[in-house]
Peer 1: 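Here you go, one structure.
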Amino acid sequence: MNKEYILNSPNSLKYITDNMNDILVNKIKEYKKLFKVEELEPVVINYFDDINKFREFIYNIRGEKESLPDYATGTYDNGMINAFIEPNIDINSYKYKKKLYLANHELFHILYMKYILNNDYSKRIVWYDEGMAQFLSGEKNKLLDIEKFKTYYLRVKEETIIIPDNLNEITHGTSFVNEKYNGYDLAYLCVRYLNEKLSYEEFQNLMSNFDKIKEYGTTIINDMFEYYDNTLLKSIKR
């Protein structure tokens with residue numbers, strides 16, 4: 001048992017959990033700075049190699065059998081990191097890296113809920129919370145490469161058939177991921193845009209400024225697309 005976290009996971013997932021320790025411990029240090037806390041209680045991580053056992057575990061916690069979207073493979077119910085992970089993912093794939101950083105992603109949600117939202121789920125603004133978790137977890141660090149980011153950005157823009165009228169109003173389920181847009185991709189791009197526009201202190205303080213987040217949410221997708229069209233694409237044009 002690591003002093004920073006408690007891991008419950010089958011041996012079939014050791015090919016991920018054995019490589020996860022340093023990544024998670026280092027991220028915990030970063031999160032302490034971000035949330036301005038000196039110590040964190042050890043986080044409990046429950047990993048499953050069977051999707052049905054994962055869903056059963058979550059529904060036992062929730063006391064119902066309807067709330068999980070079909071695509072859901074990770075949650076932070078009861079302040080724990082809970083996830084289904086396939087036992088045979090190609091270790092050279094992006095999917096493997098995403099699972100490697102999954103604990104970082106869910107831990108952001110847990111800490112944001114505890115220290116910023118004060119466990120009041122009604123205050124949660126989904127696009128912002130999901131964008132921050134993706135941006136800060138390290139799961140998309142490959143996009144720090146400008147050429148890879150350009151390819152990603154152009155794909156997301158092309159696949160965004162319509163822009164949600166108000167990003168603040170979309171929640172998990174079909175309103176977040178559908179054939180017209182992917183809320184995860186848009187949320188990541190919007191938070192990355194904010195990180196580039198704001199100072200570290202402004203970016204940090206924004207976490208608890210719900211009115212400002214909602215203000216951004218009404219126009220941020222168009223603002224983000226305009227910003228990257230004017231900076232990213234022009235700056236790397238040959």
Side-chain angles (χ1 to χ4, degrees), residues 1-9 13-47 73-83 85 89 91 93-121 123-146 148-149 184 187-210 212-213:
M1 182 179 70
N2 189 293
K3 69 176 182 178
E4 303 283 1
Y5 62 89
I6 300 168
L7 177 65
N8 302 307
S9 178
L13 299 181
K14 284 176 66 64
Y15 79 117
I16 285 180
T17 57
D18 283 354
N19 296 326
M20 181 183 74
N21 181 72
D22 290 347
I23 292 170
L24 180 55
V25 170
N26 288 332
K27 186 56 62 174
I28 288 172
K29 293 178 182 177
E30 292 181 26
Y31 285 162
K32 286 179 182 179
K33 177 183 177 183
L34 181 70
F35 289 99
K36 301 178 182 179
V37 294
E38 293 186 2
E39 295 297 331
L40 296 173
E41 294 182 5
V43 61
V44 177
I45 302 173
N46 302 304
Y47 281 170
T73 57
T75 79
Y76 52 97
D77 288 70
N78 282 18
M80 302 183 293
I81 298 171
N82 313 297
I85 301 176
I89 301 172
I91 63 173
S93 67
Y94 169 67
K95 185 175 184 179
Y96 175 84
K97 183 173 183 180
K98 185 174 181 180
K99 297 301 182 182
L100 195 60
Y101 284 80
L102 187 150
N104 292 9
H105 180 115
E106 299 298 341
L107 182 57
F108 175 84
H109 290 316
I110 291 169
L111 299 179
Y112 190 65
M113 179 63 69
K114 180 177 181 179
Y115 292 108
I116 305 299
L117 303 182
N118 295 316
N119 295 315
D120 184 352
Y121 193 86
K123 294 180 181 178
R124 187 184 187 222
I125 304 168
V126 175
W127 74 264
Y128 179 77
D129 197 4
E130 290 294 354
M132 288 288 281
Q134 291 177 85
F135 180 74
L136 294 174
S137 67
E139 67 191 70
K140 283 186 162 66
N141 276 358
K142 73 169 187 176
L143 298 180
L144 296 177
D145 178 279
I146 195 67
K148 291 179 180 178
F149 180 57
Y184 287 102
Y188 167 78
L189 286 173
C190 288
V191 168
R192 178 165 174 156
Y193 159 74
L194 289 173
N195 183 69
E196 294 184 21
K197 294 284 288 184
L198 304 177
S199 68
Y200 179 82
E201 183 177 4
E202 290 171 330
F203 187 76
Q204 184 181 39
N205 291 338
L206 181 62
M207 290 195 299
S208 56
N209 191 338
F210 309 124
K212 187 65 176 178
I213 295 171

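Residue numbers start at 1 and run along the sequence shown.
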Peer 1: For R192 and L143, run side chain to side chain contact (heavy atoms under 4.5 Å, CB included): C-alpha distance rounded to whole Å, both residues' side-chain angles, the deciding distance at 0.1 Å, then the answer.
Peer 2: CA-CA 11 Å; R192 178 165 174 156; L143 298 180; 3.6 Å; yes
Peer 1: With a 3.5 Å distance limit and no angle check, can you tell me whether Q134 reaches the backbone of A187 through a side-chain donor-acceptor pair?
Peer 2: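 Answer holds: no.
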Peer 1: Could you grab the distance from atom CD1 of I213 to atom CD1 of I125, nearest 0.5 Å is fine?
Peer 2: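 It comes to 4.5 Å.
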Peer 1: NZ of K97: more than 12 outside heavy atoms within 6.0 angstrom?
Peer 2: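 Yes, the 6.0 Å shell around NZ holds more than 12 heavy atoms from other groups.
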Peer 1: Counting distance only, does the side-chain N/O of Y15 pair as donor-acceptor with the main-chain N or O of I89 below 3.5 Å?
Peer 2: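 A pair under 3.5 Å: yes.
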Peer 1: Identify the two heavy atoms, one from I16 and one from L100, that lie closest to each other, and give their separation to 0.1 Å.
Peer 2: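 Answer, listing the atom of I16 first, then L100: O-CD1, 3.5 Å.
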Peer 1: May I ask you to establish whether K123 and F210 are in a cation-pi arrangement, using a distance under 6.0 Å from NZ or CZ to the six-membered ring centre and at most 45° from the ring axis?
Peer 2: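 Here K123 fails the 6.0 Å and 45° test against F210.
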Peer 1: Distance check, rounded to the nearest 0.5 Å: Y128 atom OH versus Y112 atom OH?
Peer 2: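 Reported value, rounded in 0.5 Å steps: 5.0 Å.
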Peer 1: Give, for atom CD1 of I23 and atom CD1 of I28, the distance between the pair rounded to the nearest 0.5 Å.
Peer 2: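 It comes to 12.0 Å.
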Peer 1: Report all side-chain donor-acceptor pairs from residues 103-111 shorter than 3.5 Å, counting only partners two or more places apart or in another chain.
Peer 2:
from, atom 1, to, atom 2, distance (Å)
N104, ND2, S137, O, 2.9
H105, ND1, E139, OE1, 2.7
H105, NE2, H109, NE2, 3.1
H105, NE2, E130, OE1, 3.3
H109, ND1, D129, OD1, 2.9
H109, ND1, D129, OD2, 3.3
H109, NE2, E130, OE1, 3.3

Peer 1: Nearest 0.5 Å please: distance from the CG atom of N19 over to the CG atom of L24.
Peer 2: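 Reported to 0.5 Å precision, the distance equals 13.0 Å.
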Peer 1: Return the minimal non-hydrogen interatomic distance between M207 and L34, and the atom names on each side.
Peer 2: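 Closest approach of M207 to L34, heavy atoms only: CE-O, 3.7 Å.
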Peer 1: Closest heavy-atom contact between L198 and E202?
Peer 2: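 That closest heavy-atom pairing would be CA-OE1, 3.5 Å.
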Peer 1: Would a 4.5 Å heavy-atom cut-off, applied to side chains only, mark T73 and K99 as touching?
Peer 2: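 Side chain of T73 against side chain of K99, heavy atoms only: contact under 4.5 Å found.
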Peer 1: Quick one: NZ on K142 to NZ on K140, what's the gap to the nearest 0.5 Å?
Peer 2: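 K142 atom NZ to K140 atom NZ measures 8.5 Å (nearest 0.5 Å).
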Peer 1: Cut-off 3.5 Å, no hydrogens considered: what does the side-chain donor-acceptor table look like for residues 35-47, sequence neighbours left out?
Peer 2:
from, atom 1, to, atom 2, distance (Å)
N46, OD1, N8, ND2, 2.9
N46, ND2, N82, OD1, 2.9

Peer 1: Please examine the side chains of L136 and V191, heavy atoms only from C-beta on, and report whether any two atoms are closer than 4.5 Å.
Peer 2: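 Contact flag for V191/L136 side chains = no.
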Peer 1: Closest heavy-atom contact between I116 and S208?
Peer 2: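 Heavy atoms of I116 and S208 come nearest at CG2-CA, 3.8 Å.
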Peer 1: Checking the side chain of Q204 only, and the main-chain atoms of K33 only, is there a donor and an acceptor separated by less than 3.5 Å?
Peer 2: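 Checking the backbone N and O of K33 against the side chain of Q204, a donor-acceptor pair under 3.5 Å is found.
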Peer 1: Rounded to the nearest 0.5 Å, what separation is found between the OH atom of Y5 and the CE atom of M20?
Peer 2: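 The CE atom of M20 is 4.5 Å from OH of Y5, to the nearest 0.5 Å.
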Peer 1: Which word best sums up how the rings of F135 and F203 line up, parallel for under 30°, tilted for 30 to 60°, or perpendicular for over 60°?
Peer 2: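 Rings of F135 and F203: perpendicular, over 60°.
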Peer 1: Return yes if some donor-acceptor pair links the side-chain N/O of K14 with the main-chain N/O of S9 below 3.5 Å, else return no.
Peer 2: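 Not a single qualifying donor-acceptor pair exists.
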